[in-house]
Structures are given as C-alpha cells and as structure tokens.
Amino acid sequence: MEGMNFHVMTLFPEMIEQGLSTSILGRAMERGLISLDAVNIRDYSLDKHRRVDDYPYGGGAGMVMTADPVVRCYRAIEAKIAGIGRKRPRVIYLTPQGRTFTQSMAQELAQEEELVFLCGHYEGIDERAVEMIVTDQVSIGDYVLTGGELPVMVMIDVISRLVPGVLNNQESPEFETFHDNLLEYPQYTRPEVYEGRRVPEVLLSGHHAKIEEWRRMQSILRTDAARPDLMERAVLSKKEQRFYREYRQARETEEEASAIQEGDSKSKNE
Ligand code: ADE
C-alpha cells in the first residue's frame with residue numbers, strides 16, 4: 001500500500017485498533033494515508049497452550065516474554081513488507097530503557113514507509129529476541145507503564161499527524177507547539193465576554209500583523225514560564241530577542257526590588 005504502514009506486535013491487538021481508529025486517524029486510515037496492522041504475538045506461539053511467557057532464568061519476580069513467538073511474529077511481518085518490495089523496516093521496541101521520544105524523533109520516523117513496533121508486557125522480553133530484531137529502543141517518558149500498548153499509541157498518533165494529508169492545511173503542524181521550540185499561544189472563541197473575562201482586545205482588532213506579534217510574544221512568555229529549558233533553543237527574530245531580553249531585565253529588577261523589600265520588613269520585625 002502507498003502511504004505509511006504501521007505494524008504493531010502486541011498481546012492486545014484490539015486495544016491498539018480501538019485506540020487509534022477514531023477521529024483524525026480513523027479518517028486517515030479510511031483515506032488510505034496510513035494503515036494499521038496490529039498483530040497478536042500469541043498467534044505465533046508454538047506451545048500447545050499458546051503460552052508466550054515463562055519464568056526468568058536466575059530467578060526474580062514476574063514473567064518474561066519468550067523469544068520465539070516474538071521472532072516468528074516479526075518474520076511474518078518482515079515477509080509481508082518484502083512482498084511489496086519495501087526495504088527492511090525499522091523495528092521500535094517500547095521500553096523505559098529507550099531514548100526519550102520527541103517531536104523531532106517523530107519527524108524523522110514520519111519519513112519512513114513502514115514502521116514496526118514491539119510492545120512488551122510482564123517484566124520484559126527475552127533479550128535475545130530484542131538483539132535479533134530491534135533497531136531502536138524508545139521510551140515515551142520517565143515513568144513505567146504496564147506495557148508498550150499506550151506508548152505505541154502515543155507514537156503512532158504523533159507520527160501520523162505529520163504524514164502529508166492527515167491534517168487539513170489549516171491545522172498545519174508548522175503553526176503549533178514546538179515549532180521554533182516555542183509553546184502555543186492562548187486561543188479564544190465566542191463569546192467575547194465569559195463570566196466577566198474578556199477576550200484580549202488585540203484579537204478583535206482585525207489587525208493581522210499586530211495579532212501575529214501578540215501571539216508570538218505570548219508564546220515566548222509561556223515558554224519562558226513553563227519550559228525555560230526550551231527557551232535556550234527557541235528561534236527568535238531580532239525584535240523578539242530584544243523584547244525577551246528587556247522582559248527578563250524588567251523581571252530581574254522586580255525580583256531584586258521585592259528581595260530588598262522583604263529584607264527591610266524582616267529587619268524591621270527583628
Ligand atoms: N513500557 C513501559 N513503560 C514505558 C515507557 N515509559 N515508554 C515506553 N514503553 C514503556
């Protein structure tokens with residue numbers, strides 16, 4: 001198939017299918033821009049009870065996913081991909097041990113035609129299966145989930161919206177959070193006054209250049225307040241750099257003034 005094909009190796013294929021088939025991604029699948037192939041690892045177990053896990057060598061808590069069903073599942077997917085003449089895909093294992101997922105990683109992965117994901121469960125997967133098939137290990141953040149299913153849904157959602165045609169032009173990813181490493185500006189819609197709170201005047205002015213400038217400044221102030229780590233890599237125009245410098249200077253002066261005041265009131269109370 002043309003477009004982007006996602007293959008997910010999991011013990012819970014229904015969870016993946018249900019989680020990704022609504023709204024924007026459901027529409028993208030209907031239009032053939034992306035496809036989702038959720039494959040049940042259990043179908044590749046040769047065990048008579050279809051078992052896919054076993055006790056860990058060396059002891060310890062929990063169960064480990066056995067290598068064979070995972071490797072056989074992968075080979076079936078690999079054969080499907082080779083069958084339509086596409087190259088060996090990247091195989092992404094979802095694990096807290098991986099590199100942290102970011103928007104720029106998503107941009108890179110959105111260039112691929114086929115992506116294969118491996119979801120672990122229990123206490124992990126036999127390391128030999130990981131060595132044999134995995135090309136990338138990815139974490140969605142520094143916390144531990146019960147399995148890779150929610151993380152893979154996060155990744156597919158983020159990557160899909162970067163595939164051309166999945167969003168309308170108005171929703172273009174160029175105009176949003178993390179573009180230029182800035183967070184998004186605040187949005188307002190009707191009514192003009194809600195429980196006494198007015199929409200900022202400039203947005204009603206119809207003055208496009210002023211509105212654009214106000215939005216950029218809001219983005220800068222928000223990023224500075226919530227994510228100062230992004231601010232260091234923000235892409236700002238000369239004018240914006242000046243605005244931001246002056247804003248920081250004003251704030252420092254204010255902080256110094258209040259520190260002096262606090263010191264004064266302290267010494268008075270002593
Ligand atoms: N599996 C369990 N926790 C995870 C995480 N934070 N990221 C990716 N996969 C996981």
Side-chain angles (χ1 to χ4, degrees), residues 4-22 24-25 34-45 51-74 77-78 89-112 114-163 177-178 183 226-227 229-230:
M4 178 90 162
N5 298 333
F6 298 106
H7 308 263
V8 182
M9 299 188 266
T10 169
L11 292 174
F12 304 99
E14 334 72 56
M15 186 175 168
I16 308 289
E17 279 157 5
Q18 283 173 15
L20 294 173
S21 59
T22 47
I24 294 175
L25 299 196
I34 58 172
S35 81
L36 177 65
D37 170 32
V39 188
N40 195 338
I41 295 169
R42 198 177 291 281
D43 291 345
Y44 293 88
S45 169
R51 275 186 65 174
V52 289
D53 63 333
D54 210 333
Y55 297 99
Y57 276 119
M63 303 295 274
V64 175
M65 281 171 69
T66 51
D68 193 56
V70 172
V71 171
R72 286 166 36 79
C73 180
Y74 170 67
I77 293 170
E78 190 185 32
R90 283 170 81 165
V91 180
I92 298 163
Y93 175 35
L94 287 306
T95 164
Q97 272 86 53
R99 261 172 72 209
T100 309
F101 187 49
T102 59
Q103 191 69 30
S104 66
M105 197 190 291
Q107 255 146 13
E108 185 201 315
L109 292 172
Q111 309 306 311
E112 300 286 325
E114 306 279 336
L115 284 175
V116 179
F117 296 91
L118 172 59
C119 300
H121 242 271
Y122 314 118
E123 293 304 310
I125 300 178
D126 189 308
E127 191 63 22
R128 291 165 295 184
V130 176
E131 287 167 9
M132 285 166 73
I133 68 170
V134 169
T135 61
D136 302 82
Q137 303 200 24
V138 177
S139 163
I140 62 160
D142 287 341
Y143 38 78
V144 182
L145 293 112
T146 55
E149 283 74 16
L150 285 170
V152 85
M153 287 193 257
V154 168
M155 286 190 70
I156 291 176
D157 189 288
V158 176
I159 295 165
S160 294
R161 57 194 291 295
L162 300 175
V163 171
T177 297
F178 299 121
L183 303 182
R227 293 292 306 277
D229 57 310
L230 289 182

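Positions are given from 1 along the sequence. Read the numbers this way: they start at 1 and go in the same order the structure lists the ligands and their atoms. FYI, side chains are in, hydrogens and waters are out, and symmetry mates aren't considered; it's all heavy atoms of this structure.
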Exercise. Could you tell me the separation between the CG atom of Leu94 and the CG atom of Asp136, rounded to the nearest 0.5 Å?
Key: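 Those atoms lie 11.0 Å apart.
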Exercise. Just jot down the salt bridge (charged side-chain N to carboxylate O under 4.0 Å, His left out) partners of Arg72, sequence neighbours excluded, or say none.
Key: Asp68
Quiz prompt | Heavy-atom closest contact (Pro56 atom, Ala61 atom, distance) | solution = CG-O, 4.4 Å
Exercise. Answer yes or no: are there more than 12 heavy-atom neighbours, outside Asp229 itself, under 6.0 Å from its atom CG?
Key: yes
Anything under 3.5 Å between an N or O on ligand 1 and a protein N or O? List each pair with its distance, or write none.
residue	atom	partner	partner atom	Å
ligand 1	3 (N)	Leu145	N	3.0
ligand 1	6 (N)	Gly141	O	3.1
ligand 1	6 (N)	Tyr143	O	2.8
ligand 1	7 (N)	Ile140	N	3.0
ligand 1	9 (N)	Thr95	N	3.2

Quiz item: Are side-chain N/O atoms of Gln137 and Thr95 paired as donor and acceptor at under 3.5 Å?
Solution: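 Looking only at side-chain atoms, Thr95 and Gln137 do not form any donor-acceptor pair under 3.5 Å.
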Quiz prompt | Criterion side chain to side chain contact (heavy atoms under 4.5 Å, CB included) against Met155, the qualifying member of Val8, Ile92, Leu115, Leu150 | solution = Ile92
